[in-house]
Amino acid sequence: MSEPIRVGVLGARGRMGQQACRAVDAADDLELVAMVDAGDWLFSVADAGSQVLVDFTHPDVVMDNIRFAIDQGIHAVVGTTGFTAERLDTVRTWLADAPQVGVLVAPNFGIGAVLSMRFAQLAARFYDTAEVIELHHPHKADAPSGTAVRTAELIAAARREAGMGAVPDATTQARDGARGADVDGVHVHALRVAGMVAHQEVVLGAEGETLTIRHDSLDRVSFMPGVLLGVREIARRPGLTVGLEALLDL
Ligand SMILES: NC(=O)C1=CN([C@@H]2O[C@H](COP(=O)(O)OP(=O)(O)OC[C@H]3O[C@@H](n4cnc5c(N)ncnc54)[C@H](O)[C@@H]3O)[C@@H](O)[C@H]2O)C=CC1
Ligand SMILES: O=C(O)C1=N[C@H](C(=O)O)C[C@H](O)C1
């Protein structure tokens, strides 16, 4: 058997980081060599000889962490949200100077969530209207969720490719926020509900019918097969990969 892949986890004491540490530790082909959280010495990831860094931290710090990984020649599997087109371009620029390094940025590592985004993308051109509702635990820092933003962007792109115009909406009077956030012309609504983990509905509508695509992560273990797939694959994918779907051949 070949040597195990040496993995460092950033955000190791957080909700996702703890799960990621457990999952890496339990995998025979991976070795957990560094667990780093806020206030810890970041360079211990490099000192421990990490080949892949897993990041579940916070949108405010994730760019610094990616920069660090690239500078150290460590591949990165990033689940932290808050990515914009500008941020992704910045990562591409950094990677241009380290062509051997791979960075995977995935707003959602849940297989079902990735499939549901793909289903929404496929369905979008057949429906006049499409809105996204995401529901999460109340400790979540960002809204709308990274998954919801990506879903809305995929729907908007599919509508554009199909030559569809703006989503019809006759609302002229609304209280602030009543129609949610506008992401590329698609309305996205964020609920924060105690007891929930991570859930999303895409509601599409046409004359006489609606289609609802719903996914529920009931436990954070649901994200781990995707995280481990990313860890195992990233060294074979130099440059920036966005979305787990690229590794699932969807
Ligand atoms: N891509 C995916 O499938 C998923 C992504 N997420 C995203 O992952 C991120 C973290 O989510 P949670 O684990 O729920 O948050 P959390 O708040 O439970 O954990 C974040 C951890 O990062 C630590 N941290 C903050 N700054 C740090 C730094 N500079 N270096 C190292 N550690 C640092 C915090 O102390 C905390 O322990 C969020 O952006 C969330 O949206 C969450 C679930 C699934
Ligand atoms: O913070 C979370 O919990 C989650 N964050 C990701 C997101 O913002 O899309 C993925 C999943 O929804 C859980």
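Both ligands and their constituent atoms are indexed starting at 1 by order of listing.
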My understanding is that we take every heavy atom of each candidate and find the minimum distance to atom 10 (C) of ligand 1. Doing that for Asp60, Asp64, Thr57, which one comes out nearest?
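Among Asp60, Asp64, Thr57, the closest heavy atom to atom 10 (C) of ligand 1 belongs to Thr57.
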Could you name the option among Val114, Leu244, Thr81 that has the heavy atom nearest to atom 39 (O) of ligand 1?
Thr81
Any nitrogen or oxygen of [X], side chain or backbone, less than 3.5 Å from one on ligand 1?
| X | answer |
| --- | --- |
| Asp37 | yes |
| Arg15 | yes |
| Phe109 | yes |
| Gly14 | yes |

Ala12 to Asp37 - nearest heavy-atom pair and separation
N-OD2, 3.4 Å
Side-chain donor/acceptor of [X] to backbone N/O of [Y], under 3.5 Å:
| X | Y | answer |
| --- | --- | --- |
| Gln18 | Arg13 | yes |
| Thr210 | Ala206 | no |
| Asp142 | Ser145 | no |
| Gln51 | Arg6 | yes |
| Asp55 | Thr57 | yes |
| Thr84 | Arg87 | yes |

Considering the heavy atoms of [X], write down every atom of ligand 1 situated less than 4.0 Å from one of them.
| X | answer |
| --- | --- |
| Ala106 | 1 (N) |
| Lys140 | 41 (O) |
| Met16 | 13 (O), 42 (C), 43 (C), 44 (C) |
| Arg13 | 37 (O) |

Nearest-neighbour protein heavy atom for [atom], which is reported as residue plus atom name and distance:
| atom | result |
| --- | --- |
| atom 2 (C) of ligand 1 | Pro107 O, 3.5 Å |
| atom 25 (C) of ligand 1 | Ala38 CB, 4.0 Å |
| atom 6 (N) of ligand 1 | Gly79 O, 3.8 Å |
| atom 28 (C) of ligand 1 | Val61 CG2, 4.0 Å |
| atom 4 (C) of ligand 1 | Phe56 CE2, 3.8 Å |

Which side-chain N or O atoms in residues 161-172 pair as donor and acceptor under 3.5 Å with protein atoms at least two apart or in another chain?
from   : atom 1 : to     : atom 2 : distance (Å)
Asp169 : OD1    : Thr171 : N      : 3.0
Asp169 : OD1    : Thr171 : OG1    : 2.5
Asp169 : OD2    : Arg179 : NE     : 3.2
Asp169 : OD2    : Arg179 : NH2    : 3.1

Pairing of Asp25 and Arg22 as salt bridge, 4.0 angstrom limit
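No.
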ILVMFWY cluster, Val227 and Leu32 together (side-chain gap under 4.5 Å):
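Yes; Leu32 is reachable from Val227 via cluster members.
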Assigning hydrophobic clusters by single linkage (Ile, Leu, Val, Met, Phe, Trp, Tyr; side-chain heavy-atom cutoff under 4.5 Å), is Leu228 placed with Met35?
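Yes, Leu228 connects to Met35 through the hydrophobic network.
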Mode of Arg220 contact toward ligand 1 - side chain, backbone, both, neither (heavy atoms, under 4.0 Å):
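Under 4.0 Å from ligand 1, Arg220 contributes no heavy atoms.
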Ligand 1 versus Phe223: contacting region, heavy-atom distance under 4.0 Å:
side chain
Donor-acceptor contacts under 3.5 Å from residues 102-118 side chains, at least two apart:
from   : atom 1 : to     : atom 2 : distance (Å)
Asn108 : OD1    : Gly110 : N      : 2.8
Asn108 : ND2    : Thr147 : OG1    : 3.0
Ser116 : OG     : Gly112 : O      : 3.4
Ser116 : OG     : Ala113 : O      : 2.9
Arg118 : NH1    : Gln121 : OE1    : 3.0

Do the non-hydrogen side-chain atoms of Val197 and Asp219 ever get within less than 4.5 Å of each other?
no
side-chain hydrogen bond (donor to acceptor under 3.5 Å, both in side chains), paired with Arg192, selected from Glu134, His139, His137
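Passing option: Glu134.
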For ligand 2, the residues whose heavy atoms come within less than 4.0 Å (ordered by chain, then number)
Thr81, Pro107, Asn108, His136, His137, Lys140, Asp142, Ser145, Gly146, Thr147, Ala198, Phe223
With sequence neighbours left out, the residues meeting ring-ring contact (aromatic ring centres under 6.0 Å, His included) with Phe68 are Phe43
Gly146 heavy atom under 4.0 Å from ligand 1
no
